[in-house]
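Report on the structure given below.
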Amino acid sequence: MSELVLPTSEPRFVPYARARLEASDAVARAREFRSDMAARRSVRAFSADPVPRELIELAIMTAASAPSGAHQQPWTFVAVSDPDIKRRIRVAAEQEERRNYEGGRMPAEWRAALAPLGTDWHKPFLEIAPWLVVAFEQVHGSFPDGTAKKHYYARESLGIACGLFIAAIHRMGLVTLTHTPSPMGFLARILGRPKNERPFLLLPVGHPAVDCTVPDLTRKPLDEVAIFLEG
Ligand code: IYR
């Protein structure tokens, strides 16, 4: 039996160095970043105030700096500020979510888990937030001849990229939400994405509404999330 061996390019390496920080600087920077990130919250009440496109471009480029399986960068980010497209996304998302919350598609255990967040099928933020950024997973790529090229760890790669996006948005003083209207197929249709792309996450971006509130949540302390096995 013969196996198809695809041509590969030779590895090519370039020097990489980072200036080593003083230990105290490293701790100071780490503390500053940790405490800024600790102030991040998912927000569902957005202001309609506009956000410059440049900030969205910067957040997307930060996301696209993420590591990815075999460096395949299996993502496409669609940024929408067009009110008509936002309205169509809201209508379709609410149609799906109404079936989840009220049409029995969401099991009681799931509804109970969501109760502290106070969510329901209404998604006005999809029209109010100045930007909706939809992260698409490229389930596979393509070779120059059009045949499908396998992607590795695409979902993990997208998860990391979206994490960096969320951090970038927070660092610029804006807010976002990791929204997953379910099922999300309507996003590929409305945004006209090709068949190899699957919606991964919908991230509304903007300033919080003046009267914005968030659930009174706490985060697990270090000793509940980490185990150190020191030598
Ligand atoms: N997608 C639904 C339900 C939902 C699910 C989880 I898990 C959440 O953390 C929040 C909401 C919605 O957007 O309402």
Side-chain angles (χ1 to χ4, degrees), residues 37-48 51 56 59 63 75-81 83 85-137 139 154-170 174-191 193 197-209 211-221 224-225:
M37 290 309 297
R40 184 204 59 78
R41 294 302 308 260
S42 291
V43 153
R44 291 181 173 76
F46 287 82
S47 157
V51 162
I56 304 302
W75 39 61
T76 305
F77 297 90
V78 180
V80 181
S81 66
I85 302 174
K86 288 198 294 180
R87 186 173 317 113
R88 287 164 61 201
I89 290 175
R90 176 191 178 173
V91 168
E94 288 187 332
Q95 202 170 18
E96 296 291 6
E97 290 297 341
R98 194 169 190 169
R99 285 193 207 133
N100 295 334
Y101 282 92
E102 293 184 349
R105 270 203 317 208
M106 205 187 266
E109 187 178 357
W110 193 353
R111 271 185 279 121
L114 290 180
L117 304 182
T119 57
D120 63 27
W121 64 266
H122 297 93
K123 306 297 175 192
F125 57 79
L126 292 174
E127 274 188 273
I128 296 168
W131 290 97
L132 303 180
V133 177
V134 185
F136 285 89
E137 171 195 351
V139 179
R155 294 186 79 73
E156 289 82 351
S157 305
L158 263 289
I160 299 165
C162 288
L164 294 182
F165 180 91
I166 292 162
I169 290 296
H170 179 70
L174 298 172
V175 294
T176 185
L177 172 70
T178 47
H179 186 40
T180 51
S182 174
M184 284 200 279
F186 68 86
L187 289 168
R189 282 194 297 279
I190 291 175
L191 299 175
R193 300 314 302 158
E197 292 189 9
R198 181 196 294 158
F200 181 77
L201 206 51
L202 168 46
L203 297 138
V205 176
H207 295 278
D211 58 355
C212 177
T213 61
V214 293
D216 187 11
L217 306 177
T218 56
R219 294 190 171 111
K220 292 179 179 177
E224 282 183 34
V225 300

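Quick caveat: nothing in here was measured; it's all calculated off a predicted structure. Order of listing sets the numbers, starting from 1, for every ligand and every atom in it. All heavy atoms count here, side chains included; hydrogens, waters and symmetry mates do not.
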Sorted by chain and number, sequence neighbours left out, side-chain hydrogen bond (donor to acceptor under 3.5 Å, both in side chains) with Ser47 holds for Asp49
Residues at least two apart in sequence or cross-chain that pass side-chain hydrogen bond (donor to acceptor under 3.5 Å, both in side chains) with Arg88, listed by chain then number, are none
Determine the interplanar angle of the His179 and Phe125 rings, folded into 0 to 90°, and report it as parallel if under 30°, tilted if 30 to 60°, perpendicular if over 60°.
perpendicular
Treating Lys86 as the side-chain partner and Ala129 as the backbone partner, does any N or O pair qualify as donor plus acceptor under 3.5 Å? yes
With a 4.5 Å limit on heavy-atom distance, are the side chains of Val175 and Ile169 in contact? no
Note every protein N or O atom lying under 3.5 Å from an N or O atom of ligand 1, pairing the names and giving the distance.
{"residue": "ligand 1", "atom": "1 (N)", "partner": "Glu97", "partner atom": "OE2", "Å": "3.1"}
{"residue": "ligand 1", "atom": "1 (N)", "partner": "Thr180", "partner atom": "O", "Å": "3.1"}
{"residue": "ligand 1", "atom": "13 (O)", "partner": "Lys123", "partner atom": "NZ", "Å": "3.3"}
{"residue": "ligand 1", "atom": "13 (O)", "partner": "His179", "partner atom": "ND1", "Å": "3.3"}
{"residue": "ligand 1", "atom": "14 (O)", "partner": "Tyr101", "partner atom": "OH", "Å": "2.5"}
{"residue": "ligand 1", "atom": "14 (O)", "partner": "Lys123", "partner atom": "NZ", "Å": "2.5"}

With sequence neighbours left out, the residues meeting side-chain contact (heavy atoms from CB on, under 4.5 Å) with Gln95 are Arg99
